[in-house]
S.K.: 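Let me begin by handing over the structure; questions about it come next.
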Amino acid sequence: MAHQPTRSTTPHYRCLGIGVGPANLSLASLLHSRRDVTSLFLDRNDSFTWHDGQQLPGNTLQVSLFKDLVTLADPTNPFSFLAYLHENGRLYHFLNAQFNAVPRAEFRNYLAWASRCNKNVVFGEAVREVTFDEVFSVRTDRRSVTADNVVVGVGSQPWVPPQVREKLGPTQFHVSEYLKSARSLAGKRVMVIGGGQSGAEVFLDLLSQPSSGLPRRASWISRRGNFFPIDDTPFTNDFYSPSFADYFFSLDRETRRTFNRRHVLTSDGISDSTLRDIYQSTYLHRFVEGNVDMVGLYPNREVTDVTADLHGGWQVSVRHNDDREAAELFDADIVIWATGFRPTHMDFLEPIAHRLERDGEELRIDEDYAVYWDGPDDRQVFVQNAARSQRGLADPNLSLNAWRSQRIADRLGKVSSYEPLPSFIDWATKRGPLTGRRT
């Protein structure tokens, strides 16, 4: 598994991965059989996890099954989703089930399978610090190893507004804690804050409880002007292609920021089926069951604060985007924040942080996701899923997971792999003798 040690008897690797989520698990899968790029991937968790607190019955992926760990980079790789189905004897059953989309729990099981089958993936070992002296020295809570290159893929962490972080607990929590914290909501006033897919799925789950488990009232608040669907049309999906990823990378920072803000619904909109199910559930509760006060829908509003009331519940202060002077107050027993995730802090890089260039709040990367720094060119720190403002909305998405890992694997192995054909769309200006003229 390891190279010849470079100093003492410390194990040495060509690639040391920190974190084992879908991003680094993709790279680990592509490198698994590569003898020229020895690798080790470490994760502090005892076993693989992937949004485990949000794996609700009926939830599905919003991307194609081909956007797995490896297929779009290497369709013959033994860590593909189809290989998982085949090895577990369920390929025909999956075909016969005719799923419109891959069940998210099944995709999570696939990822866990890939992590178990890969001998270069180790769980239950936390990286404490990374230093550099000719090679990277990585100290964990168990040992020390060295590496020519480090690939950071520690994923993201739940985000809530700063003013409520000290108030989180059993009755106010992030959506990532839903399955653990939302044990008994019957007869309670529950408020979901956040208008993306996660908020929609939790809200639908509240409306879908049996009559004995229904909340007294379920309210849903979003800053967006409505509960908008995901834009999943063919030309929009070109934003999630390698051609566009490279084009986006070439743009200036302000143009990239504007694009991400304008097109956020291409990645964070709500699936049509979920919206339809919520609307139908609302109809049934109000008109068929006669429970007219069961559902509250409040888009185009921003939560400004949440304060404890005198009865052990919460008072939620809300401002309407079209009437900024007026305030609305909502009473809730349970508050669920579906406000997304932000990249996890990389405290273990602190010893070399002064050597790494930054681009705003992110580490500044090149076209192969290597961080610009003052060290030698053949020693690199790569980052995965932590460059949304530089690489676009696809960066935290599964769509370019395998392609990004292949870029990194090629750099590590000093080879050049197959690149897909260019997009149908000409994203960049083609400049010639007469600028802008086409023939």
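This one's a predicted model, so the numbers in the text were calculated from it and none came from an experiment.
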S.K.: Centroid-to-centroid, Phe330 to Tyr298, below 6.0 Å?
M.R.: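 Yes, the ring of Phe330 comes within the 6.0 Å limit of the ring of Tyr298, centre to centre.
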S.K.: Name the residue from Arg364, Arg388, Arg391, Arg256 that meets the salt bridge (Lys or Arg N to Asp or Glu O under 4.0 Å) definition with Asp359.
M.R.: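 Testing Asp359 for a salt bridge (Lys or Arg N to Asp or Glu O under 4.0 Å) against Arg364, Arg388, Arg391, Arg256 leaves exactly one candidate, Arg256.
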S.K.: Taking only residues two or more places apart in sequence or in another chain, which ones pass salt bridge (Lys or Arg N to Asp or Glu O under 4.0 Å) with Arg404?
M.R.: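 With neighbours one apart ignored, the set is Asp395.
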S.K.: Could you check if a side-chain atom of Leu206 sits within less than 4.5 angstrom of a side-chain atom of Leu214, using non-hydrogen atoms only?
M.R.: no
S.K.: Have Ser29 and Ser26 got a donor and an acceptor in their side chains that come within less than 3.5 Å?
M.R.: no
S.K.: Just checking, any donor-acceptor pair under 3.5 angstrom between side chains of Gln54 and Ser198?
M.R.: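 A donor-acceptor contact under 3.5 Å links the two side chains.
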S.K.: Under the criterion ring pair (Phe, Tyr, Trp, His ring centres under 6.0 Å), I'd like the reasoning laid out for Tyr369 against Phe382: C-alpha separation, chi angles, the key distance, then a yes or no.
M.R.: CA-CA 5 Å; Tyr369 297 86; Phe382 297 86; 8.7 Å; no
S.K.: Can Trp113 and Phe81 be said to form a ring pair (Phe, Tyr, Trp, His ring centres under 6.0 Å), step by step?
M.R.: CA-CA 10 Å; Trp113 165 84; Phe81 181 68; 9.3 Å; no
S.K.: Would you find more than 12 non-hydrogen atoms of other residues, nucleotides or ligands less than 6.0 Å from Asn100 atom CG?
M.R.: no
S.K.: Check the orientation of Phe259 and His263. Use parallel for under 30°, tilted for 30 to 60°, and perpendicular for over 60°.
M.R.: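 Tilted.
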S.K.: Are the charged groups of Asp322 and Arg301 less than 4.0 angstrom apart, N to O?
M.R.: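 Arg301 and Asp322: not salt-bridged.
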S.K.: Does the gap between the ring centers of Phe248 and Trp427 come in under 6.0 Å?
M.R.: no
S.K.: Taking NZ, NE, NH1 and NH2 as the nitrogens, is one of them in Arg411 or Asp366 under 4.0 Å from a carboxylate oxygen of the other?
M.R.: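 Looking at Asp366 together with Arg411, the answer is yes, because their closest N to O distance falls below 4.0 Å.
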S.K.: Below 4.5 Å, heavy atoms only, C-beta onward: do Arg224 and Asn300 meet side chain to side chain?
M.R.: no
S.K.: Taking all non-hydrogen atoms of both residues into account, name the closest pair between Asp410 and Ser417 and its distance.
M.R.: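 Here Asp410 and Ser417 meet closest at OD1-OG, 2.7 Å.
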S.K.: Measuring only between side-chain heavy atoms, which start at C-beta, is Val303 closer than 4.5 Å to Ser317?
M.R.: no
S.K.: Taking the side chain as every heavy atom from C-beta outward, state whether Val316 and Asp305 have any atom pair closer than 4.5 Å.
M.R.: no
S.K.: Crowded around Glu254 CD? As in, over 12 foreign heavy atoms under 6.0 Å?
M.R.: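 Check passes, neighbour count above 12.
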S.K.: Can you confirm whether Tyr13 sits close enough to Asp148 that some side-chain heavy atom of one is under 4.5 Å from a side-chain heavy atom of the other?
M.R.: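 A side-chain contact is absent here, since even the closest heavy-atom pair is not under 4.5 Å.
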S.K.: Are Phe341 and His51 close enough that their ring centres sit under 6.0 Å apart?
M.R.: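 Phe341 vs His51: aromatic centres under 6.0 Å.
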S.K.: Answer yes or no: are there more than 12 heavy-atom neighbours, outside Arg34 itself, under 6.0 Å from its atom CZ?
M.R.: yes
S.K.: Ser115 and Ala112: which non-hydrogen atoms are nearest, and at how many Å?
M.R.: OG-O, 2.7 Å
S.K.: Trp373 vs Phe132 aromatic rings, parallel, tilted or perpendicular, using cut-offs 30° and 60°?
M.R.: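 Because their plane-to-plane angle is over 60°, the rings of Trp373 and Phe132 count as perpendicular.
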S.K.: Knowing that exactly one of Val150, Thr131, Leu16 qualifies, which makes a side-chain contact (heavy atoms from CB on, under 4.5 Å) with Phe136?
M.R.: Val150
S.K.: What do you reckon, is CG of Asp46 surrounded by more than 12 foreign heavy atoms closer than 6.0 Å?
M.R.: no
S.K.: Just checking, is any N or O donor in the side chain of Asn24 or Gln384 under 3.5 Å from an acceptor N or O on the other one?
M.R.: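 The answer is yes; a qualifying pair exists.
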S.K.: With side chains defined as the heavy atoms from C-beta onward, is the minimum distance between Asn385 and Pro343 less than 4.5 Å?
M.R.: no
S.K.: Do you see a donor-acceptor pair shorter than 3.5 Å between the side chains of Thr140 and Glu125?
M.R.: yes
S.K.: With Arg342 as the cation and Trp159 as the aromatic partner, state whether NZ or CZ is under 6.0 Å from the six-membered ring centre and within 45° of the axis.
M.R.: yes
S.K.: When the aromatic ring centroids of Trp403 and Phe244 are compared, is their separation below 6.0 Å?
M.R.: no
S.K.: Determine whether the side chains of Thr171 and Trp314 contain a donor N or O and an acceptor N or O closer than 3.5 Å.
M.R.: yes
